Every structure is written in C-alpha cells, then in structure tokens.
Amino acid sequence: MRIVIVNGPNLNWLGRRQPEIYGDLGLGAINDRIRDAVSQEGEVDFFQANGEGELIDILQAQADICQGIVLNPGAYGHYSLGLADALSALPVPVIEVHLTNVFAREEYRQRHVTAGACQGYICGLGWQGYILAVQALLDYDEEGD
Ligand code: DQA
C-alpha cells in the first residue's frame with residue numbers, strides 16, 4: 001500500500017508562515033511525524049508544489065502508482081476548478097485535509113470547490129489530520145471499497 005501526501009501553495013513555509021494560525025512545525029517535521037505514525041501499515045511519499053499546474057501534474061503522475069492521496073490544496077481548495085477537474089478524473093480515493101478549521105475563518109474561505117471531488121474531508125485538526133486521512137485510506141483499501 002502506497003499513499004501519497006500532496007501539499008499545495010505556501011505549505012512549504014509552515015513553521016515560518018503565520019505560526020499563530022498554522023503552528024510552529026515545518027512541513028518536513030510534519031512529514032516525519034506522519035511517516036513515524038503510519039510506516040508499519042504502509043508506504044508514504046510526500047510532494048509539495050506552489051503552482052496549480054504542478055499540483056495537477058503530480059496528481060496525474062501518482063494516480064496509477066499509489067492507492068490513495070491526501071491533498072491539502074491550500075487556497076486552491078477555495079477556487080481551483082482545474083484542480084477539481086483533475087481530482088474528479090483520478091482513479092484512486094483522495095482525502096482533502098486542511099490544518100485549520102476553514103469554516104471558522106474568513107468568508108472567502110467558505111467556498112470549497114475541490115472538496116466535492118474528494119472521497120473525504122478533514123479540517124481543523126492540525127497535522128494530525130494528515131495521519132487520520134492516511135489511516136482512513138489504508139482502511140478504505142483493506143475494505144475493498
Ligand atoms: C489551509 C487553509 C487555506 O484556506 C489556506 O489558504 C492555506 C492553508 C490549511 O491547511 O488550513 O494555505 O489549506
């Protein structure tokens with residue numbers, strides 16, 4: 001079982017980007033925690049890109065060589081129809097994750113265009129949300145549905 005974790009724009013700056021909102025942990029440290037938590041159950045690989053097209057390229061390239069994807073689309077989740085279209089065509093389940101509870105934030109974060117193209121959605125649980133998403137995908141595959 002190979003699960004891929006894809007982070008979108010500005011998430012490479014976790015740790016130095018508005019730590020009062022996103023916390024002190026950098027993306028590398030978060031990825032280490034995810035790997036530690038799930039490595040007994042499956043293989044995980046990590047990608048990050050700031051560009052919308054780069055993210056679509058990553059999703060399409062990984063689609064046939066993994067069993068599930070965890071995606072934090074960052075701000076693109078609120079408006080990228082290109083990303084939503086790419087997600088709709090993927091043959092593997094995708095769980096969208098946001099570190100923060102976007103429903104409790106600004107008005108412009110209340111629109112969710114990629115979430116409807118995903119199997120599941122987690123927000124507001126910080127970096128633990130990624131681990132829960134990976135575990136859900138591992139169970140999902142085991143159950144064969
Ligand atoms: C985010 C939430 C988005 O609204 C924001 O644009 C981000 C981070 C999160 O993980 O909480 O870049 O995706």
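Order of listing sets the numbers, starting from 1, for every ligand and every atom in it. The shown structure was predicted, so the numbers you read here are calculated from the model rather than taken from an experiment.
Under a 4.5 Å side-chain heavy-atom cut-off, the cluster of Ile, Leu, Val, Met, Phe, Trp and Tyr residues that includes L83 is completed by V4, V6, F47, L55, I56, I58, L59, I69, L71, Y76, Y79, L87, L90, V92, V94.
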Step by step, would you call F46 with L27 a side chain to side chain contact (heavy atoms under 4.5 Å, CB included)?
CA-CA 10 Å; F46 301 92; L27 187 58; over 6 Å; no

Name every donor-acceptor pair, under 3.5 Å, that has one atom in a side chain of residues 37-45 and the other anywhere in the protein, sequence neighbours excluded.
residue : atom : partner : partner atom : Å
S39     : OG   : R35     : O            : 3.3
D45     : OD2  : R2      : NE           : 2.8
D45     : OD2  : R2      : NH2          : 3.1

Distance-only check: which donor-acceptor pairs under 3.5 Å involve side-chain atoms of residues 126-133, not counting sequence neighbours?
residue : atom : partner : partner atom : Å
Y130    : OH   : N7      : OD1          : 2.5
Y130    : OH   : N72     : ND2          : 3.1

In a simple table, one pair per line, please give the protein and ligand 1 atom names for every N or O pair closer than 3.5 Å, along with the distance.
residue  : atom   : partner : partner atom : Å
ligand 1 : 4 (O)  : H78     : NE2          : 2.7
ligand 1 : 4 (O)  : R109    : NH1          : 2.8
ligand 1 : 6 (O)  : A75     : N            : 3.2
ligand 1 : 6 (O)  : R109    : NH1          : 3.0
ligand 1 : 10 (O) : N72     : ND2          : 2.9
ligand 1 : 10 (O) : L99     : N            : 2.8
ligand 1 : 11 (O) : L99     : N            : 3.3
ligand 1 : 11 (O) : T100    : N            : 2.9
ligand 1 : 11 (O) : T100    : OG1          : 2.6
ligand 1 : 12 (O) : R17     : NH1          : 3.1
ligand 1 : 12 (O) : R17     : NH2          : 2.9
ligand 1 : 13 (O) : N72     : OD1          : 2.9
ligand 1 : 13 (O) : H98     : ND1          : 2.7

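Under a 3.5 Å cut-off, the side chain of Q48 and the backbone N or O of G8 do form a donor-acceptor pair.
Taking the six-membered ring where tryptophan is involved, the planes of H98 and Y121 are tilted, since the angle between them lies from 30° to 60°.
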